[in-house]
Q: 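Below are the structure tokens for one structure; questions will follow.
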Amino acid sequence: MALPENFLWGGATAANQCEGAYNEGGRGLSTVDVIPYGPDRFPVMRGEMKMLDCDAAHSYPAHQAIDMYHHYKEDIKLFAEMGFKCYRLSIAWTRILPNGDDDTPNEEGLAFYDSLFDECRKYGIEPLVTICHFDTPIALIKKYGGWKDRRMIDAYLKYCAAIFARYKGKVKYWLTFNEINMLLHLPFMGAGILFEPGEDPAEVKYRAAHYEIVASAKAVRLAHEMMPGAMVGCMLAAGQFYPRTCSPADVWAALEADRDNYFFIDAQARGAYPVWAKKRMEKAGIRLDCTPEDEADMQAGTVDFISFSYYSSRCVTTDKELLAKESAAGNAVFESVRNPYLKTSDWGWAIDPEGLRTTMNSLYDRYQKPLFIVENGLGANDAVEPDGSIHDGYRIEYMRAHIRELIKAVDEDGLPVLGYTMWGPIDLVSASTGEMKKRYGFIYVDKDNAGNGTLARSRKDSFYWYKQVIATNGADLGD
Ligand code: BGP
């Protein structure tokens, strides 16, 4: 058998994209609750447009999402029916500490996840918990300016201490921050950052990044102290950068783009910043506020494994003509040009299964730590047939091709891989666009972009396909 027997097959979600119930159970407001649907979404996510509360002129997809807060038993039962070994979810920081740094955790919030983890255990599903998935408490943004301020480290650790103490017997696998590198691209979503006039955006972002990196390192140590045997990972929005041409300038540009992306993981996995970053910041006049104590903390809190999301590779060039002609509008988060060898998804994301193997090998060559693919999937338009069935062969095709490359990475390249939790086993709100119709699920949820629908769940063709993949540990990909 190509994959290890205990390989953790499953799916991944995030609290803000599926739970809803944003003002129930004593929960406080967080960034994701005030990120609207529509044209203001990206300006708010980038920290260019101030929105610290909700208003009547906007709609906010996270408020209801797919209401998993009230449907989790039904949803986990469906995951179990597919044979999930693992379910990656995030805890909403403000369900536990509504103001972000309360001295006493909110019992109702704690009890909710207790019950959710018990439900997982009932079916033998291992939970994998993201401690912070794009949700900075609004109260801490008002108090400190979000991750711009060092005091966020203590608030985060307070939150970690509360959940580690409560769930130590129930959760073994933890991730400190979802797609930590996203902070550089969507600073409000990643770190609660709003830019003030006169601030140097690069300095603000890298200082915040430093505080998150220190917080992550301290959380790793705390987890190991409080929960012997716990496995704590970092989480990167991965995807190898390719040079668009073989001109040496393009090769260098691709290397630099990869380095920028790996900056966080270099620090989290090796316990120190890479030399190039120190030099680059010095020349750019960026002061990091890195104390000798921070350096010691980073050194002492390296992660146990490297987790990442992979949707596509990226392509860069320095050629101005190519740049103008081929700018890949598809992914509004990462700047890149179109790769002429690849097809794209309905949302313009390049589809590159072989890039997954390349990315995995790059990560392992760099860090020599076990890998965990914690997001991969296809956001697509699905059509419901008159009889209620959903024929999503395109999703099966995408996933099959990626899983095949994952198997090669294990079987032919010998990489240690802990598991594969695809993104969005159940349809949920898109992080980038806020849409419902950008669907990833094996399970369809009856809800549209305008918020209409019964929220009923139903199985797509891919549901049965994935069940077979898990049952055969990847041996039968249904070709
Ligand atoms: C990652 C996020 C997820 C998820 C996924 C798909 O960036 O960690 O939260 O949403 O991408 O992206 P989208 O929802 O924008 O299609």
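Keep in mind the model is a prediction, meaning the values are calculated, not measured. Atoms within each ligand, like the ligands themselves, are counted from 1 in listed order.
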Q: Between F305 and W174, is the ring centroid distance below 6.0 Å?
A: no
Q: Any nitrogen or oxygen of S432, side chain or backbone, less than 3.5 Å from one on ligand 1?
A: yes
Q: Note the single closest protein heavy atom to atom 14 (O) of ligand 1, along with its residue, its atom name and the distance in Å.
A: A431 N, 2.7 Å
Q: What atoms of ligand 1 come closer than 4.0 angstrom to any heavy atom of K438?
A: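 Near K438, meaning under 4.0 Å from one of its heavy atoms, ligand 1 has 13 (P), 15 (O), 16 (O).
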Q: For atom 11 (O) of ligand 1, grab the closest protein heavy atom and report residue, atom and distance to one decimal in Å.
A: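 Of the protein heavy atoms, E375 OE1, 3.5 Å lies nearest.
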Q: Can a donor-acceptor pair be found between the side chains of N376 and Y420 at a distance below 3.5 Å?
A: yes
Q: Under 3.5 Å, is there a donor-acceptor pair between the S216 and T176 side chains?
A: yes
Q: Students should be able to answer this: which protein heavy-atom is nearest to atom 5 (C) of ligand 1, and at what distance?
A: Y311 OH, 3.2 Å
Q: With no hydrogens and no angle check, just 3.5 Å: does a side-chain donor-acceptor pair link T13 and Y87?
A: yes
Q: To which protein heavy atom is atom 7 (O) of ligand 1 closest, and what is the distance rounded to 0.1 Å?
A: E179 OE1, 2.5 Å
Q: Would you mind checking which non-hydrogen protein atom is closest to atom 10 (O) of ligand 1, with the distance to 0.1 Å?
A: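 The closest heavy atom on the protein side is Q17 NE2, 2.9 Å.
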Q: Would you mind running through ligand 1 and noting each atom that sits below 4.0 Å from a heavy atom of W349?
A: 12 (O), 16 (O)
Q: Can the positive tip of R314 be found less than 6.0 Å from the middle of the six-membered ring of Y242, inside 45° of the ring normal?
A: no
Q: Side chain, backbone, both or neither: which part of S430 comes within less than 4.0 Å of ligand 1 when only heavy atoms are counted?
A: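 Both the backbone and the side chain of S430 come within reach of ligand 1.
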Q: Could you find the nearest protein heavy atom to atom 6 (C) of ligand 1 and give me its residue, atom name and distance?
A: Y440 OH, 3.4 Å
Q: Going by side chain to side chain donor-acceptor pair (under 3.5 Å), D382 matches just one of K438, H391, R395. Which one?
A: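 Single side chain to side chain donor-acceptor pair (under 3.5 Å) partner of D382 among K438, H391, R395: R395.
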Q: Looking just at side-chain N and O atoms, do H63 and D33 make a donor-acceptor pair shorter than 3.5 Å?
A: no
Q: What I want to know is whether V429 and ligand 1 share at least one N or O pair that is separated by under 3.5 angstrom.
A: no
